[in-house]
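Report on the following structure.
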Amino acid sequence: MTVFEELKRRGLVAQTTNEEAIQKALDNDRVTFYIGFDATADSLHVGHFLQILIIKRLQMAGHRPIVLLGTGTTMVGDPSGKTDMRKMLTVDQINYNAECFRKQMEKFIDFSPEKCIVARNGDWLSNLNYIQLLRDVGVHFSVNRMLSAECYKSRMEKGLTFLEFNYMIMQSYDFLHLFRTHNNTMELGGDDQWSNILGGVELVRRAEGKEVFGMTFNLLTNSEGNKMGKTEKGAVWLDREKMPPYEFFQYWRNVGDNDVIKCLKFLTFLPIEEIEAMETWEGAQLNRAKEILAFELTKMVHSEEDAQKSLDAARALFVSGADSEHMPSSEIMLTDGIINIVELLKATGLAPSNGEARRLIQQGGIMVDDEKVDDIAANISAAAFGKGYVVIKKGKKVFHKAILKA
RNA sequence: GGGAGUGUUCCCGAGCGGCCAAAGGGGGCAGACUGUAAAUCUGUUGUCUUACGACUACGAUGGUUCGAAUCCAUCCGCUCCCA
């Protein structure tokens, strides 16, 4: 099976500018392609991870990736599919973020010079001459067509600044620049990048008279069409400081039934045949598929050891109810040898306010060492800390270890 | 630049000068049912308080009033129409 077939079979390919030609090139030639990453945060998240895996797949097939760090484009901010303007970042922040990205990527992509190029578009975008750019590049863009692009739709109602409107031009210029300097002939990206990619393909054709290619990949969405990789607290980060391995593991352990197979296809290197065999799984067996997904991903993003620890911890907690050392924990102090349950919940951060703590208790959501506590006046005495700690369970999934401070 | 709107709690959104901590929906949290899933049903969702209640909140600042999310003035942000 060729890479392209593999990408297709995994359901990754969304749109292409010329499928036949792309397939031919990927099957027969050594293609130089690029994917851009805007440095909007100090860690990559799963959305990026999906793109990185695609780079990896193509790199393993012998193609040469250009990893483009958007140190220039991040100065502008991509409005595609956004309802609001992004907050502006300083140059220092952007450069710092880009460096974080590069470091994280080293783990997945082979950065040896002959196999990969790392570029920063700030290197060429920052020094552009305005008038010159308008004459060379701007002349090839139709404002009418740009405005009718699907990705600006929501912004046509809420407003689009001239700053952001130029994003497409910047990204298109990247393609032209990389074509000229590295003979880069293909741009890949998430499906939300389709308009921007088309802009680049057309710019190269108009400016150079050469056909280059664009291809987008399906975004990681759940069966309801919502973007995956978001939690109430924010994105699912790859950085262990921003999201500990156990939490990362749990995110995937808890995906919906209808999304497991897709995640396995998109985000793991498990053989496609193996994944397709899982499509018939149901119930408990499907639950097992989630475990595989969580394990594989944690292993790739963190380490096999982290994956194993998370799996053990999860099983200990959910299956046998036993204690585990990987639980989030905090130190607490007693006053006169006791602590009120409401105080305890606040001290551990399980409840942000007294009211919230009371509600949790009154609604029966709190267990201390497997005993339900439903009285807000209850006190936990020093005797309960026989082991040096107590395990507090909030709801069904949140465990916390409160360690008695000596 | 001229004109018309608009800004409400995590989000959307309703809101009569007192009965407004503010309808409704979404989201969150908890309970039931389950498989650490989904769907469904129930409760809950500003802070402090066992409670009574107190306090802080409807873009900002002033004002009118016994009393303002609601009326007035100025300012700030956003949207639309005209230029």
Side-chain angles (χ1 to χ4, degrees), chain A residues 79 82-88 147 152-164 221-228 230-234 236 245-264 278-295 297-298 307 310-322 324 326-328 340-343 345-346 348-368 370 372-379 391-400:
Chain A
K82 301 268 181 321
T83 47
D84 296 298
M85 184 168 155
R86 277 179 189 277
K87 126 173 168 249
M88 293 235 250
L147 286 178
Y152 295 143
K153 209 170 168 190
S154 63
R155 299 304 295 275
M156 293 312 291
E157 288 153 21
K158 289 205 114 185
L160 179 67
T161 61
F162 186 65
L163 170 75
E164 301 169 282
T221 51
N222 63 20
S223 50
E224 279 147 19
N226 299 319
K227 257 192 199 171
M228 290 187 70
K230 289 247 188 290
T231 70
E232 325 71 72
K233 289 178 207 147
V236 174
Y246 178 74
E247 248 177 76
F248 182 83
F249 181 96
Q250 282 297 315
Y251 179 84
W252 301 106
R253 183 60 249 266
N254 281 311
V255 297
D257 279 13
N258 301 326
D259 306 320
V260 199
I261 300 295
K262 183 176 185 179
C263 289
L264 283 164
M278 295 182 196
E279 284 175 15
T280 55
W281 290 12
E282 286 179 350
Q285 213 179 0
L286 195 57
N287 218 3
R288 168 76 191 131
K290 293 181 193 177
E291 224 173 50
I292 295 172
L293 173 70
F295 187 89
L297 274 176
T298 311
S310 303
L311 181 65
D312 291 345
R315 283 187 176 163
L317 249 43
F318 289 99
V319 181
S320 56
S324 162
H326 305 108
M327 231 177 253
N340 173 263
I341 183 68
V342 173
E343 290 304 317
L345 291 177
K346 278 209 303 183
T348 52
L350 288 169
S353 68
N354 288 346
E356 175 92 33
R358 278 193 214 107
R359 202 176 310 121
L360 277 166
I361 297 162
Q362 283 163 346
Q363 292 186 136
I366 294 297
M367 305 245 278
V368 175
D370 283 331
K372 184 176 275 189
V373 178
D374 52 12
D375 177 9
I376 55 169
N379 290 314
V391 172
I392 307 167
K393 189 177 172 194
K394 173 188 157 233
K396 275 174 286 203
K397 296 186 208 169
V398 183
F399 294 84
H400 191 99

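All chains are named by letter (A, B, ...) in the order of the sequence lines, taking the proteins before the strands, and each is independently numbered beginning at 1. On a predicted model such as this, the values are computed, not experimentally measured, just so you know.
Applying the side chain to side chain donor-acceptor pair (under 3.5 Å) rule to A:K394 yields no partners; only residues at least two apart in sequence or on another chain are considered. By the side chain to side chain donor-acceptor pair (under 3.5 Å) test, A:R358 is found to be paired with no residue, residues two or more places apart in sequence or in another chain being considered. Listed by chain and number, the residues in a side-chain contact (heavy atoms from CB on, under 4.5 Å) with A:D374 amount to none (sequence neighbours excluded). By the side chain to side chain donor-acceptor pair (under 3.5 Å) test, A:N354 pairs with A:K346, sequence neighbours left out. Checked against side-chain contact (heavy atoms from CB on, under 4.5 Å), A:R359 has the following partners two or more places apart in sequence or in another chain: A:E356, A:Q363. Taking A:E247 as the reference, nothing meets the side chain to side chain donor-acceptor pair (under 3.5 Å) condition, with sequence neighbours excluded. Shown here are the side-chain contact (heavy atoms from CB on, under 4.5 Å) partners of A:K397, two or more places apart in sequence or in another chain: A:N254, A:F318. The side-chain contact (heavy atoms from CB on, under 4.5 Å) search around A:A307 returns A:F295, A:T298, A:K299, not counting sequence neighbours.
Side-chain contact between A:L286 and A:M278 is absent, with no heavy atoms from C-beta onward closer than 4.5 Å. Taking 4.5 Å as the limit, every side-chain heavy atom of A:S310 sits out of range of all side-chain heavy atoms of A:R253.
Spacing between atom CG of A:L360 and atom P of B:G28 amounts to 16 Å, rounded to whole angstrom units. Straight-line distance from the CG atom of A:L350 to the C1' atom of B:G28: 16 Å, rounded to whole Å. Separating the OH atom of A:Y246 from the P atom of B:U36 is a distance of 12 Å, rounded to the nearest angstrom. Atom CE in A:M367 sits about 13 Å away from atom C1' in B:A30, given to the nearest Å.
On the P atoms, B:U74 is 15 Å away from B:G5, given to the nearest whole Å. Nucleotides B:U56 and B:G62 are separated by 15 Å at their P atoms, to the nearest Å. B:U44 sits 34 Å from B:U61 when the P atoms are compared, rounded to a whole Å. Going from the C1' atom of B:C12 to that of B:A60 covers 24 Å, rounded to whole Å. Taking the P atoms as reference points, B:G7 lies 11 Å from B:C71, given to the whole Å. When the P atom is used for both B:G24 and B:G15, the distance is 14 Å, rounded to whole Å. Nucleotides B:A38 and B:C10 place their C1' atoms 24 Å apart, quoted to the nearest Å. Distance check on atom C1': B:C66 versus B:G17 gives 12 Å, rounded to whole Å.
Using modelled atom types, no side-chain atom of A:D375 and backbone atom of A:I361 make a donor-acceptor pair closer than 3.5 Å. Looking at A:N379, its side chain never comes within 3.5 Å of a backbone N or O of A:I341 through a donor-acceptor pair.
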Dump the pairs, protein N or O against N or O of nucleotides 20-22 of chain B, anything under 3.5 Å, distances to one decimal.
none

List, with names and distances, any nitrogen or oxygen atoms from the protein found under 3.5 Å away from nitrogen or oxygen atoms belonging to nucleotides 77-81 of chain B.
| from | atom 1 | to | atom 2 | distance (Å) |
| --- | --- | --- | --- | --- |
| B:U79 | OP1 | A:K158 | O | 2.6 |
| B:U79 | O3' | A:E157 | O | 3.4 |

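Closest-nucleotide positions on RNA chain B for A:L311 and A:K394 were compared, and the one nearer the 5' end corresponds to A:K394.
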I'd like to compare against my own output: the B/S/- annotation of nucleotides 37-50 of chain B with a strict under-4.0 Å heavy-atom distance to protein.
B-S---BSS-SSBS
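A distance of 10.5 Å separates OG of A:S353 from CG of A:L345, quoted to the nearest 0.5 Å.
Nearest heavy-atom pair across A:T348 and A:H400 is O-CE1, 3.4 Å.
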Annotated structure of RNA chain B as dot-bracket, pair cut-off 3.5 Å, Watson-Crick or G-U only, | for inter-strand, is (((((((..(((.....[.....)))((((((.......))))))(((....)))...(((((..]....)))))))))))).
